[in-house]
Q: 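Could you have a look at this structure, given as structure tokens, before my questions?
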Amino acid sequence: MEEALLQMQEHAGDLRVLAGGTDLIPSMQQKLFEPAHVLDLRGIPSLRGIRQQPDGGAEIGASTTLREIERSEFLRRHYPVLSEAASTVASPVLRNMGTIGGNICLDTRCLWYNQSLTWRKACGFCIKKDGDLCHVAPGGTKCWAVFSGDTPPALLCLNAEIEIASAAGTRRITLSDFYTGLGDDYRKLHPGELVTRVFLPASSAGYRGIYRKLRVRGSIDYPLAGVAVVIKHSNGHIGDARIGITAVNPAPLLVTGATELLSGKAIDDALAEAAGDLAAKTARPLTTSALTPEYRREMIRVFAKRAVLAAAAN
Ligand SMILES: Cc1cc2nc3c(=O)[nH]c(=O)nc-3n(C[C@H](O)[C@H](O)[C@H](O)COP(=O)(O)OP(=O)(O)OC[C@H]3O[C@@H](n4cnc5c(N)ncnc54)[C@H](O)[C@@H]3O)c2cc1C
Ligand code: SF4
């Protein structure tokens, strides 16, 4: 591990880490990333594994595969929303390779960006790579490429934290502080830094959880809209609840006001509908994918409502 961090320090700025490689390799083939050095994390055993903490929380190594997270008895029992979200990523083969660290650090996606070099060149490139204009929001200076990982909305609902390491030391931040909200420079990770661990607090254990996603092909595709919901019951009412969304903004987000709206109430159709409306207001999809922004936003509303009803009835 120390050797890896020293290598990252030495080649910072021109190095990419490879975890499962399921997103990195296709991106390198499309010349979206052209690093001089690739550091393979698969030979670092300390980055793998799911460990229960003495206080009842959990620690997950960044190189733990999505398949391990999907199948972990401990996570399925105590943090079911995370296992469910992991089980919807890509396909079984990709989940055997893909890791939780790679899913958290996943590059943002756009119709105009995830293309071959020839295709992008023919369109005059764009702000995210090699150009200075945005085809999605012409005239603007911001990139709206969409964060499209499935596990981060579940992790946000669980108030997860991550550890970031470099040769200079380690720091620990909440996952919600990791994303910038920009489509191009989407994460707060400096050159030479590595995500090493994910922490799930004991206080989030035992919440009922549901994850729902919209995609073109149910067997493999990235989400085009995704909603995670967690609910804790207390005396026949909702004691606490959180809603996270993905694939409709440049960052995965917690829905502001969802906890206040749902806590202390008994669930009925009108309340679930109001939660759906709130989630839809947080979503800001643009024409970055094959499905229309209107449809994706509407599906956030529908999924949030259904997920709240399902989590409350679980
Ligand atoms: C056909 C197809 C379908 C897909 N469908 C989905 C889907 O439905 N949902 C979904 O969420 N994803 C999907 N993916 C993307 C990908 O498979 C997953 O997101 C996976 O979790 C990525 O993990 P990885 O370990 O393979 O990451 P890698 O490809 O190894 O890395 C991804 C990025 O994260 C960086 N990185 C990796 N680990 C770390 C770390 N520890 N610290 C710092 N940076 C790191 C890499 O440098 C790279 O920039 C799909 C990919 C393909 C090819
Ligand atoms: S949102 Fe605009 S700048 Fe960003 S990748 Fe798409 S076209 Fe490029």
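The figures here come from the full heavy-atom set of this structure, side chains too, leaving out hydrogens, waters and symmetry mates. What you are looking at is a predicted structure, and each value in this text was computed from that prediction instead of being measured. Nothing fancy with the numbering, it's 1 onward along the sequence.
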Q: Should Pro153 and Ile245 count as side-chain neighbours, where that means a heavy-atom distance under 4.5 Å?
A: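 The answer is no, as the side chains (C-beta and beyond) never meet within the 4.5 Å cut-off.
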Q: Should Leu39 and Leu194 be marked as a side chain to side chain contact (heavy atoms under 4.5 Å, CB included) after you check the CA-CA gap, both sets of side-chain angles, and the distance that decides it?
A: CA-CA 11 Å; Leu39 181 79; Leu194 185 66; 5.8 Å; no
Q: Can you confirm whether Phe74 is buried at CZ, in the sense that more than 12 heavy atoms of other residues, nucleotides or ligands lie under 6.0 Å from that atom?
A: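 Enclosed: over 12 neighbouring heavy atoms sit under 6.0 Å from CZ of Phe74.
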Q: Do Ile243 and Thr259 have side chains that approach each other closer than 4.5 Å (heavy atoms only, starting at C-beta)?
A: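 No, too far: nothing below the 4.5 Å cut-off.
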Q: How long is the gap from CG on Asp184 to OH on Tyr186, to the nearest 0.5 Å?
A: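 Asp184 atom CG to Tyr186 atom OH measures 11.0 Å (nearest 0.5 Å).
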Q: Check whether any side-chain heavy atom of Leu66 sits under 4.5 Å from a side-chain heavy atom of Leu94, and report yes or no.
A: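 Contact flag for Leu66/Leu94 side chains = no.
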Q: Evaluate whether atom NZ of Lys265 has more than 12 neighbouring non-hydrogen atoms of other residues, nucleotides or ligands under 6.0 angstrom away.
A: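 Result for NZ/Lys265: enclosed.
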Q: Could you tell me whether the side chain of Thr64 and the main chain of Gly49 form a donor-acceptor pair under 3.5 Å?
A: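 Yes.
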Q: Would you say Thr288's side chain and Cys110's backbone share a donor-acceptor pair under 3.5 angstrom?
A: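 No; zero donor-acceptor contacts below 3.5 Å.
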Q: Go through Thr65 and Arg95 one step at a time and tell me if the side chain to side chain contact (heavy atoms under 4.5 Å, CB included) criterion holds.
A: CA-CA 7 Å; Thr65 65; Arg95 292 197 292 279; over 6 Å; no
Q: Do Asn249 side-chain atoms and Ala251 backbone N/O form a donor-acceptor pair below 3.5 Å?
A: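 Not a single qualifying donor-acceptor pair exists.
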Q: Show me the side-chain donor-acceptor pairs of residues 124-147 shorter than 3.5 Å, one per line, residues at least two apart or across chains.
A:
unit_1	atom_1	unit_2	atom_2	d
Lys128	NZ	Asp107	OD1	2.8
Lys128	NZ	Thr108	OG1	2.8
Lys128	NZ	Gly183	O	3.1
Lys129	NZ	Glu34	OE1	3.3
His135	NE2	Cys123	O	3.4
His135	NE2	Phe125	O	2.8
Lys142	NZ	Gly181	O	3.4

Q: Would you indicate whether the side-chain heavy atoms of Leu117 and Gln30 approach each other to under 4.5 Å?
A: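 No, too far: nothing below the 4.5 Å cut-off.
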Q: Do the side chains of Thr196 and Met1 get nearer than 4.5 Å, heavy atoms only?
A: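 Yes, side chains in contact.
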Q: Rounded at 0.5 Å granularity, tell me how far CD in Glu2 sits from CD in Gln7.
A: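 Going from CD on Glu2 over to CD on Gln7, the span is 13.0 Å.
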Q: Please answer: with hydrophobic residues joined when any side-chain heavy atoms are less than 4.5 Å apart, are Ile300 and Leu261 in the same cluster?
A: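 Ile300 clusters together with Leu261.
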Q: Going only through I, L, V, M, F, W and Y residues with side-chain contacts under 4.5 Å, is there a path from Leu253 to Val230?
A: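 No, Leu253 and Val230 fall in different hydrophobic clusters.
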Q: Is Leu262 linked to Val227 within one hydrophobic cluster, defined over Ile, Leu, Val, Met, Phe, Trp and Tyr using a side-chain heavy-atom separation of less than 4.5 Å?
A: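 Looking at the clustering, Val227 is in the same group as Leu262.
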Q: How close do Val195 and Cys105 get, counting heavy atoms only, and between which atoms?
A: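 Shortest heavy-atom separation between Val195 and Cys105 comes out as CG2-SG, 3.6 Å.
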Q: So, Arg297 side chain and Arg284 main chain: donor-acceptor pair closer than 3.5 Å or not?
A: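 Side chain of Arg297 to backbone of Arg284: no pair is present.
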Q: Is Lys188 atom NZ crowded by more than 12 heavy atoms from other residues, nucleotides or ligands, each under 6.0 Å away?
A: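 More than 12 heavy atoms, drawn from other residues, nucleotides or ligands, come within 6.0 Å of this atom.
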Q: Gly98 and Thr22: which non-hydrogen atoms are nearest, and at how many Å?
A: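 What the structure gives for the nearest pair is N-CG2, 3.9 Å.
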Q: For side chain to side chain contact (heavy atoms under 4.5 Å, CB included), just list the numbers for Tyr207 and Ile231, CA-CA rounded to whole Å, side-chain angles, deciding distance to a tenth of an Å, and then say yes or no.
A: CA-CA 5 Å; Tyr207 278 61; Ile231 284 181; 5.7 Å; no
Q: OG1/Thr287 to CD/Glu294 distance, rounded to the nearest 0.5 angstrom?
A: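 CD of Glu294 is found 9.5 Å from OG1 of Thr287.
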Q: Does a side-chain N-to-carboxylate-O contact under 4.0 Å join Arg172 and Glu163?
A: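 Here Arg172 does not pair with Glu163 in a salt bridge, since their nearest N and O are not under 4.0 Å apart.
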Q: Can you name the nearest heavy-atom pair linking Thr99 to Ala19, along with the distance?
A: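 Minimum heavy-atom separation between Thr99 and Ala19: OG1-CB, 3.4 Å.
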Q: Taking all non-hydrogen atoms of both residues into account, name the closest pair between Gly276 and Ala304 and its distance.
A: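 Of all heavy-atom pairs spanning Gly276 and Ala304, the closest is CA-CB, 3.8 Å.
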Q: For the backbone of Asn96 and the side chain of Arg67, can you confirm whether one donor and one acceptor N or O come within less than 3.5 Å of each other?
A: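 It does not hold such a pair.
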Q: Same cluster or not: Leu224 versus Val89, using hydrophobic residues (I, L, V, M, F, W, Y) connected whenever any side-chain heavy atoms lie under 4.5 Å apart?
A: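 Looking at the clustering, Val89 is in a separate group from Leu224.
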Q: Do we get Arg187 above Tyr179's six-membered ring, with its NZ or CZ under 6.0 Å from the centre and within 45° of the axis?
A: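 The answer is no; the distance or angle limit is not met.
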Q: Strictly distance-based, threshold 3.5 Å: is any side-chain N or O of Lys213 a donor or acceptor partner for the main-chain N or O of Thr88?
A: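 Side chain of Lys213 to backbone of Thr88: a pair is present.
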Q: Check Pro26 against Asp23 and note the closest heavy-atom contact, atom names and distance.
A: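 Result for this residue pair: CD-O, 3.4 Å.
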Q: One pair to check against side chain to side chain contact (heavy atoms under 4.5 Å, CB included): Leu155 and Ile104. What are the steps and the verdict?
A: CA-CA 9 Å; Leu155 291 168; Ile104 289 170; 3.8 Å; yes
Q: Mind checking whether Arg76 and Leu82 have side chains closer than 4.5 Å, heavy atoms only?
A: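 The answer is no; the side chains never approach within 4.5 Å.
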Q: Does Ile162 reach the side chain of Phe178, with side-chain heavy atoms less than 4.5 Å apart?
A: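 Counting from C-beta outward, Ile162 and Phe178 do come under 4.5 Å.
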Q: So does Ile69 get a backbone contact from the side chain of Ser72, meaning a donor-acceptor N/O pair under 3.5 Å?
A: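 Judged by distance alone, no pair lies under 3.5 Å.
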Q: Side chains of Tyr222 and Arg109: donor-acceptor distance under 3.5 Å anywhere?
A: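 Judged by distance alone, the side chains do pair up.
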Q: Please report the shortest heavy-atom distance between Gly239 and Ser263, naming the atom on each side.
A: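 The answer is O-OG, 3.7 Å.
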Q: Do other residues, nucleotides or ligands put more than 12 heavy atoms under 6.0 Å from the CZ atom of Arg71?
A: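 For Arg71, atom CZ is not crowded (no more than 12 foreign heavy atoms under 6.0 Å).
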Q: Is there a donor-acceptor contact under 3.5 Å from the side chain of Arg16 to the main chain of Pro35?
A: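 Judged by distance alone, no pair lies under 3.5 Å.
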Q: If we only count heavy atoms from C-beta on, is the Val302 to Arg306 side-chain gap below 4.5 Å?
A: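 Sidechains of Arg306 and Val302: in contact.
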Q: Apply salt bridge (charged side-chain N to carboxylate O under 4.0 Å, His left out) to Arg171 and Glu193, showing your working.
A: CA-CA 10 Å; Arg171 61 190 172 102; Glu193 284 190 329; 2.8 Å; yes
Q: What's the separation between atom CZ in Arg120 and atom CD in Gln115, rounded to the nearest 0.5 Å?
A: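 The CD atom of Gln115 is 8.5 Å from CZ of Arg120, to the nearest 0.5 Å.
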Q: Testing Asp221, Ile220, Leu291 one by one against Arg215 for a side chain to side chain contact (heavy atoms under 4.5 Å, CB included), which residue passes?
A: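 Exactly one pass, corresponding to Asp221.
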Q: If only side-chain N and O atoms count, and only distance matters, is there a donor-acceptor pair under 3.5 Å linking Ser87 with Glu84?
A: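 The criterion, which ignores hydrogens and geometry beyond distance, is not satisfied for Ser87 and Glu84.
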Q: Spell out, yes or no, whether Leu47 and Leu175 are grouped together once hydrophobic residues are joined by side-chain heavy atoms under 4.5 Å, including indirect joins.
A: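 Shared cluster, no.
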Q: Give a yes-or-no answer on whether the side chains of Asn103 and Thr151 include a donor-acceptor pair shorter than 3.5 Å.
A: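 Looking only at side-chain atoms, Thr151 and Asn103 do form a donor-acceptor pair, the distance falling under 3.5 Å.
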Q: Output the distance between atom CD1 (Ile50) and atom CD1 (Ile100), rounded to the nearest 0.5 Å.
A: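 Between atom CD1 of Ile50 and atom CD1 of Ile100 there are 9.0 Å.
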Q: I need the Leu278 CG to Arg301 CZ distance, nearest 0.5 Å.
A: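 Rounded to the nearest 0.5 Å, the CG-CZ separation comes out at 10.5 Å.
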